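In what follows, a structure is listed as structure tokens, so that the remarks can point back to it.
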Amino acid sequence: MSSQGSILGNAVLRREDPDLLVGAEEYMDDLTIDNVHLVHFVRSPYAHANLGAIDTSVAEAVDGVVGVYTASNLPLEPVLGFDAFPPFLARPPLAVGKVRFVGDIVAAVVATSREAAADAAELVEVDYDPLPAVTSATEAMAEGAPVLFDELGGNVVFPTELGDGTALEGAEHIAEVKVVSQRLAGVPMEPNGCVAIPGDKLTLWASSQNPNAVRDAIAGMMGIEPEGLRVVAPAVGGGFGPKAGPYLEFLLALKMAQAINAPVKWIEERSENLVSLVHGRDMVLDVKMGFTKAGKITGMKANVVADAGAYPAIGTILPTLTQMMSQGVYSIPKIDFNATSCVTNTTTTAAYRGAGRPEATQMLERVMDVGADELGIDPAELRRMNFLQPDQFPLTTLGGANYDSGDYEKSLDAVLEASGYQDLLAQQKARRESGDTKQLGIGVSAYVEVTAPIGLHVEYGKVEINDDGSVVGRVGTSAHGQGHTTSFSMIISDMLGVPMDAITILQSDTDEIPRGAGTMGSRSLQTAGSAMHVASETVLERAKKLAANMLEAAEGDIVTGNGGLMVAGQPDSALSWGDLAQAAKDGSKQPDGMEAAPLEHELDFDGKDSTYPFGAHVSLVEVDTETGNVEMLRHVAVDDCGKILNPMLVAGQQHGGIAQGAAQALYEIVAYDESGNPITSNLMDYAMPSAAELCSFETSNTETPSPNNPIGAKGIGESGTIGSTP
């Protein structure tokens, strides 16, 4: 990709940043909408309670209030978080009969100002009859635990199983560890929000990673055709997974906008974001790894318990991704994997950066460290002697992952060299011998992850040449900070020879983009980027035929140059892209067999399967043995995401991912008391680190192309988290 003269493979500054930096781009709360009304949701303060009478009369009398809504005057069908679940697990948009977590929506107040809506919400009187609550999946499985859904007959909603129970037979040594991947909040810089606008065609502005999926889901909830709803995402200040799907707040905003025949805006408060929407992770993994005395892996057994929260959604099935990736980078002859997801009186869990894959790597890498310690083998060497080898790819693992390509030893060797691993071991030994109260900890991890998982390897794209020679690219992904405009412009520019400032990338608007799977699962470059590549290539092939006919030259002699196409070596014999776009629609200028049509191509690119990035990390920390304080000193990451389009964008994703992994390992946890009350409901209590708590990260890459797409790309958005956390 980075051949001489190509822009690809070079660090190109982000096109998005100038407008973001000067405030020219608008985020959700920046949107100016005439006659907009504000909504404030009344949320349950109880984790589990029977719901009695709701008195809205005092709230309705507040100046500026135009409507107070409950299930009695805004009845809506309950919504299932995942289609395969039984109907009784569906969540009423406005609570009916029972509340099941702190944050369940009981009522909604719409007013002419945010202040009036919030004041009136305080005056809604709700009768609650509190019930016992359960706040962890382990407790939810215990005999006599409070039951959230009587029809379920317990709290287990999703079991999954792999293996025949013999994985540890014949092991000469068994290492064992319990790994807690605690509950986390997404904490995007910009909380959630939406603006709902009524009309013959409804419009929903939403802070979303996936407008097309939001449109289809919300239209289904409203009982209308998708064509009756337009969903647009403005600038989005971070997502990390929690903004990937539709929220019931979006549905309620649209229904209330219809009820008052005026636009309705909801801007989430930070405490709502931390308590009421979705959380991530929350798995407990008990794992045993069998070894020979020499350190070769003989088998692995894992038991996983996952917390789905009060209303099961995609988080419930994430253990299947943990199972898929349970083999990791290692040659493991046998795997037994059992997982159980349970409902609890907590916030629903969903995807969060990595979504099931970090848990698999945490599990594997922790048990490998325990095994290395017990067997007296260097942790890096124990990993090396058990790696899958490059000549084994493509490979279907015991977990069912179809690995495309990999060279795990290459990334491990690179990170050991970059970190000065042997010198670090010597420093660690000297500290221990000195009896210093501040000791050095050295963490090593090796990982493989899946990107564009669970069918997300297909994406829409279109490239069209305008009559003035400018180019429009349309993609079904939806950027929220990744640099898509820059990346996709680079691909088009490199293929067509058009300057990047003459290229417009359209995304995140269902009126402009007919379909698309959005941005999650580290999928965008390998899917939408490949769609841009194929569409540009197809446009170029047609344009070359057209130019050859018009310039009376052989098609093989037509090359890009001079702002269009020309005859090789003859710059005066050329046609601009504007000339070609106009000629493409002129029947008199077509070669035999070609019909007049706009100079464009659209497709749904299908990579046929996921890709599997990998890498290795080394982390150096200083631990104060008297206080327990941990300080990051260095973090070195070598991540392999296939062929690299723009190394600056890759490094940015690595840095962000490492920070989130370090945050989980050292700082962050969503916690509840025994009654189900959240005790980390604001950023004073939820310990999200700032840059001041982190060291500078040292990042580099190896490149092992994927055969699954024409640009050889794999994902990078989540790799840093998956490699750094363990």
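What you see below is based on every heavy atom in this structure, not just the backbone, and it leaves out hydrogens, waters and symmetry mates. Note that the coordinates shown come from a computational prediction; the quantities given were computed from them, not determined experimentally.
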Who pairs with [X] by ring pair (Phe, Tyr, Trp, His ring centres under 6.0 Å), at least two apart in sequence or on another chain?
| X | answer |
| --- | --- |
| Trp266 | Phe41 |
| Phe337 | none |
| Tyr247 | Phe250 |
| Phe85 | Phe82 |

Does Ser208 use its side chain to pair, donor to acceptor, with the backbone of Asn210 at less than 3.5 Å?
->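 Pair found, side chain donor or acceptor close to backbone of Asn210.
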Take Gln362 and Thr725, measure what side-chain hydrogen bond (donor to acceptor under 3.5 Å, both in side chains) needs, and give me the verdict at the end.
-> CA-CA 7 Å; Gln362 282 179 266; Thr725 310; 5.5 Å; no
Using the test side chain to side chain donor-acceptor pair (under 3.5 Å), find all partners of Tyr46 that sit at least two apart in sequence or belong to another chain.
->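 So Tyr46 forms no side chain to side chain donor-acceptor pair (under 3.5 Å) with any residue.
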Residue list, salt bridge (charged side-chain N to carboxylate O under 4.0 Å, His left out) with Glu359, at least two apart or on another chain = none
Residues which pass salt bridge (charged side-chain N to carboxylate O under 4.0 Å, His left out) with Glu512, listed by chain and number, not counting sequence neighbours = Arg474
Side-chain touch [X]/[Y], heavy atoms, less than 4.5 angstrom:
| X | Y | answer |
| --- | --- | --- |
| Val458 | Thr527 | no |
| Ile54 | Val106 | yes |
| Val475 | Ile505 | yes |
| Met256 | Val39 | yes |
| Leu51 | Val126 | yes |

Will you find, in the side chains of Glu668 and Tyr686, an N or O donor that is under 3.5 Å from an N or O acceptor?
-> yes
Just checking, is any N or O donor in the side chain of Ser276 or Glu272 under 3.5 Å from an acceptor N or O on the other one?
-> no
With Ser524 as reference, evaluate His484, Gln482, Glu459 under the side chain to side chain donor-acceptor pair (under 3.5 Å) test and give the passing residue.
-> His484
Can you name the one residue among Thr347, Thr680, Thr346 that meets side chain to side chain donor-acceptor pair (under 3.5 Å) with Arg183?
-> Thr346
Under the salt bridge (Lys or Arg N to Asp or Glu O under 4.0 Å) rule, what pairs show up with a residue in [range], not counting sequence neighbours?
| range | value |
| --- | --- |
| residues 215-239 | Arg230-Asp509, Arg230-Asp511 |
| residues 78-103 | Arg91-Asp104 |
| residues 241-251 | Arg43-Glu249, Glu190-Lys243 |

Thr510: which of Leu229, Leu204, Val214, Asn212 passes side chain to side chain contact (heavy atoms under 4.5 Å, CB included) | Asn212
CG on Asn338 to CG on Asp286, rounded to 0.5 Å = 11.5 Å
Kindly compute the distance separating CZ (Phe240) from OH (Tyr352), expressed to the nearest 0.5 Å.
-> 7.0 Å
Note: Glu449-Arg357 ion pair, threshold 4.0 Å (strictly below) |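 The answer is yes: the pair qualifies as a salt bridge.
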Which pairs pass side chain to side chain donor-acceptor pair (under 3.5 Å) with one or both residues in residues 251-261, sequence neighbours excluded?
->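 Listed by first then second residue: nothing to list.
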Pairs in or reaching into residues 114-141: which pass side chain to side chain donor-acceptor pair (under 3.5 Å), with residues at least two apart or in two chains?
-> Asp29-Arg114
If you count the non-hydrogen atoms of other residues, nucleotides and ligands that lie under 6.0 Å from NZ in Lys178, is the total more than 12?
-> no
Closest heavy-atom contact between Leu248 and Pro92?
->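 Result for this residue pair: CD1-O, 4.2 Å.
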